[in-house]
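See structure below.
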Amino acid sequence: MISGTLVLATGAAFLYFGRGLTVGSASRMGPGYFPIVLSLLMVVLGLAIIVNALRSKSGAGEALTIPWRALVLVLGSIMVFALTLKGLGLFISLALCILATTMASSYTKWIPSITLALVLSLVCAFLFVYALGLPIPIIGQWLSFGYWWPSASPSP
């Protein structure tokens with residue numbers, strides 16, 4: 001019930017703050033189209049979670065427990081990504097972030113996590129650097145050792 005309320009409140013807040021953006025249409029999207037659609041989806045998802053929680057009888061008397069391991073690993077991985085993106089590059093920073101977040105679950109196994117991290121890092125490197133042309137280094141300055149690595153960012 002609490003998670004549904006948080007999702008609903010987040011969606012409603014984004015709807016409120018994005019009300020001044022031009023929406024446009026599906027064929028000619030304005031800057032507010034995608035945020036508004038996602039906000040509406042969050043509101044619907046929050047309502048669905050609340051309805052499901054009210055219909056369920058299993059969690060009514062249980063105490064709220066905080067999954068500290070998951071909380072620390074997920075939030076920590078975001079901070080590690082932000083702090084190491086320029087130095088380690090997109091590929092390694094993203095792989096570390098994905099590995100940390102997969103380890104937040106107690107059901108995770110190492111081989112699928114490493115495979116997921118490598119595949120997603122390769123896809124994101126191709127998508128963001130080559131397809132979209134974003135100036136993000138694939139291999140960062142901490143690991144380049146003076147060599148040139150393919151990247152959309154200009155050499156200093």
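None of these values were measured; they are calculated from a predicted model.
Residues Val7 and Met42 come closest through the heavy atom pair CG1-O, 3.3 Å. The nearest pair of heavy atoms linking Ile136 to Leu90 is CG2-CB, 3.7 Å. Nearest heavy-atom pair across Ala117 and Leu99 is CB-CG, 4.0 Å. Between Thr108 and Ser113, the shortest heavy-atom contact is CG2-OG, 2.8 Å.
When the side chains of ILVMFWY residues are joined at heavy-atom separations under 4.5 Å, either directly or via intervening members, Leu83 and Leu75 end up in two distinct hydrophobic clusters. Under a hydrophobic clustering in which Ile, Leu, Val, Met, Phe, Trp and Tyr are joined whenever their side-chain heavy atoms come within less than 4.5 Å, directly or via other members, Leu94 and Leu127 fall into the same cluster. Under a hydrophobic clustering in which Ile, Leu, Val, Met, Phe, Trp and Tyr are joined whenever their side-chain heavy atoms come within less than 4.5 Å, directly or via other members, Tyr16 and Phe14 fall into different clusters. Phe17 and Val23 fall into different hydrophobic clusters, where Ile, Leu, Val, Met, Phe, Trp and Tyr residues are linked whenever their side-chain heavy atoms come under 4.5 Å apart, directly or through other members. In the hydrophobic clustering of ILVMFWY residues, with side-chain heavy atoms under 4.5 Å counting as a link, Met103 and Ile111 come out apart.
Judged by distance alone, with hydrogens and angles left aside, the side-chain atoms of Ser93 form a donor-acceptor pair with the main-chain N or O of Thr84 at under 3.5 Å. Judged purely by atom type and a 3.5 angstrom limit, Ser77 uses its side chain to pair as donor or acceptor with the backbone of Val74. When atom types are taken as modelled, the side chain of Ser121 and the backbone of Ala95 share a donor-acceptor pair closer than 3.5 angstrom. Thr101 places a side-chain N or O within 3.5 Å of a backbone atom of Ile98 that can act as its donor or acceptor partner.
Taking 4.5 Å as the limit, every side-chain heavy atom of Val129 sits out of range of all side-chain heavy atoms of Phe91. Side-chain contact between Phe81 and Leu96: absent, with no pair of heavy atoms (C-beta onward) separated by less than 4.5 Å. Side chains of Leu21 and Tyr33 form no contact here, defined as non-hydrogen atoms less than 4.5 Å apart.
A distance of 5.0 Å separates CG of Leu88 from CG of Leu143, quoted to the nearest 0.5 Å. Here the CG atom belonging to Leu54 is positioned 12.0 Å from the CD1 atom belonging to Ile49, to the nearest 0.5 angstrom. Between atom CD1 of residue Ile50 and atom CG of residue Leu8 there is a gap of 5.0 Å, rounded to the nearest 0.5 Å. Rounding to the nearest 0.5 Å places SG of Cys97 at 14.0 Å from CD1 of Ile92. Separation of atoms NZ (Lys109) and OG1 (Thr102) is listed at 12.5 Å; rounding is to 0.5 Å.
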